[in-house]
Undergrad: 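What follows is a single structure, and I will ask about it in a moment.
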Number of protein chains: 2
Amino acid sequence: MDQHRSGCPINLTLEILGDGWSLIVIRDVMFGNRRHFRELLGQSEEGIASNILSARLKRLLAEGLLVKHPDPTHRQKSIYSLTEAAIQLVPLLVQMGAWGRRHTPVSRELSIRAQLLEEGGPQMWADFMDELRHIHLGAPAPEKSVLAELQDAYLRVVAGQTDVGTT
Amino acid sequence: MDQHRSGCPINLTLEILGDGWSLIVIRDVMFGNRRHFRELLGQSEEGIASNILSARLKRLLAEGLLVKHPDPTHRQKSIYSLTEAAIQLVPLLVQMGAWGRRHTPVSRELSIRAQLLEEGGPQMWADFMDELRHIHLGAPAPEKSVLAELQDAYLRVVAGQTDVGTT
DNA sequence: TCCAACTGATTGCAATATGCAACTTGTTGT
DNA sequence: ACAACAAGTTGCATATTGCAATCAGTTGGA
């Protein structure tokens, strides 16, 4: 049934995530905790078109990176959640952020999270993944919130306090 | 001059590498040591088309991920080399391989390298990057060759010796 | 010299994907 | 009843991909 170009793990990952938008959607669900279509559509920096977002969500559901549940507060609303497979993209996204921070013209506000995650190392990534398992898979809540830490740092930078230390 | 969608490091990385072929080309130069157009064209598992390869090489040169030098043995031949920026993609490629190995139908032969690199950890990645700096940037040769280790393991698996240990 | 094989591409064309704006169907709160 | 909102879909212009054929310069051998 499958029409894969090859059995190489890098290639197969690329066949799923190798386009301009899939990882943007996952990033927004993961770091921005955007769970509804309209949140993903309107509040992203990059401005994805609604038909593209629709197609990507459909594909990510089919690939098993997202699941969707009805929202009890609104019959037409759906809540998109990360699966374990998507949560395991955390190290990949961290490395993408780390590379981008060194080799592309990132903005300070939008790269502070990447910096903290890079500096936090594998332990912080694991803590973050546990937190995502709590948020998206219903696992028990971890003691402290990496997401809140990241958000706090982001807000501090936006507020102009640049005393975070550069790397 | 630049028309970026946003200053987010993940987005900017995606704008450079977020397509189906760029990382395949870099993978082949990096792990397969393919340095000429024809080597990249013909010997890859996935079968890239020549116009796409041509366009990708042009883009990767422009983005500063590859450089090209004339080949003394043939006036029309060029040798493509990785830049430091491309060499720093090693951790990203390792994470892609690790994710693909867990969540896609990889083949054993083509994923043994990914397994070894994942198990080798950051020290092995650093060793590998030093070796790439030797091969592509003219840095001094490291004592042992990670590339040879990976290739040996690959050949052992192809030969049918599956005593490598699974993860 | 002539010519076949090899070099890194380019061209033409059909199929697919993207980007944008408008529209649709159904839901909710007032 | 009705305006605002939810999650998409549709139409259409443009851009990108995939595939086969082709091209011009280079090289080595007969």
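Residue numbers begin at 1 in each chain, while the letters A, B, ... track the order of the sequences.
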Undergrad: Locate the shortest heavy-atom distance separating B:Q88 from B:M129; write the atom from each residue and the value.
TA: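 Heavy atoms only, the tightest pair is CA-CE, 3.8 Å.
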Undergrad: Check every strand shown and say whether A:R5 touches a base, only sugar-phosphate, or nothing at a heavy-atom separation below 4.0 Å.
TA: nothing
Undergrad: Identify, between A:R56 and B:R35, the residue whose nearest nucleotide on DNA chain C lies closer to the 5' end.
TA: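 On the 5' side of the pair lies B:R35.
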Undergrad: Please find the pair of heavy atoms, one from B:R101 and one from B:A114, that lie closest to each other, and give the distance.
TA: CD-CB, 4.0 Å
Undergrad: Starting at CG of B:D19 and ending at P of C:dT18, how long is that distance when rounded to a whole Å?
TA: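 To the nearest whole Å, that distance equals 11 Å.
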Undergrad: Grab the two heavy atoms, one from B:F128 and one from B:F31, that are nearest each other, plus how far apart they are.
TA: CE2-CE2, 3.5 Å
Undergrad: How many Å lie between CZ on B:F37 and C1' on D:dA24, as a whole number?
TA: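 Answer to the nearest Å: 14 Å.
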Undergrad: Would you indicate which nucleotide in D:dG8, C:dG8, D:dT17 comes nearest to any side-chain atom of B:H36?
TA: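 Taking heavy atoms from C-beta onward, the closest nucleotide is C:dG8.
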Undergrad: Without decimals, in angstroms, what is the distance between B:N51 CG and C:dC13 C1'?
TA: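 B:N51 atom CG is separated from C:dC13 atom C1' by 12 Å.
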Undergrad: How long is the line joining CD1 of B:I48 and C1' of C:dA9, in whole Å?
TA: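 It is 13 Å, rounded to the nearest whole Å.
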Undergrad: Checking contacts here: which listed nucleotide (C:dG19, D:dT9, D:dT27) is nearest the side-chain heavy atoms of B:H74?
TA: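 That would be D:dT27.
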Undergrad: Ignoring hydrogens and angles, are the base of D:dT9 and the side chain of A:S50 linked by a donor-acceptor pair under 3.5 Å?
TA: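 Such a pair exists between side chain and base.
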Undergrad: Starting at CG of B:L53 and ending at C1' of C:dT7, how long is that distance when rounded to a whole Å?
TA: 13 Å
Undergrad: Answer with base, sugar-phosphate or nothing: what part of the nucleic acid does B:R38 contact at a heavy-atom distance below 4.0 Å?
TA: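 Base contact.
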Undergrad: Check this for me: does the side-chain of B:Q76 come within 3.5 Å of the base of C:dT7 through a donor and an acceptor?
TA: yes
Undergrad: Might you point out which heavy atoms bring B:L147 and B:M30 nearest each other, and give the distance in Å?
TA: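 The answer is CD1-O, 4.0 Å.
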Undergrad: Among C:dG19, D:dG8, C:dT7, find the nucleotide with the atom closest to the side chain of B:K77.
TA: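 Selected nucleotide: C:dT7.
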Undergrad: Please tell me which of the listed nucleotides, D:dA6, D:dG8, C:dC20, lies nearest to the side chain of A:A49?
TA: C:dC20
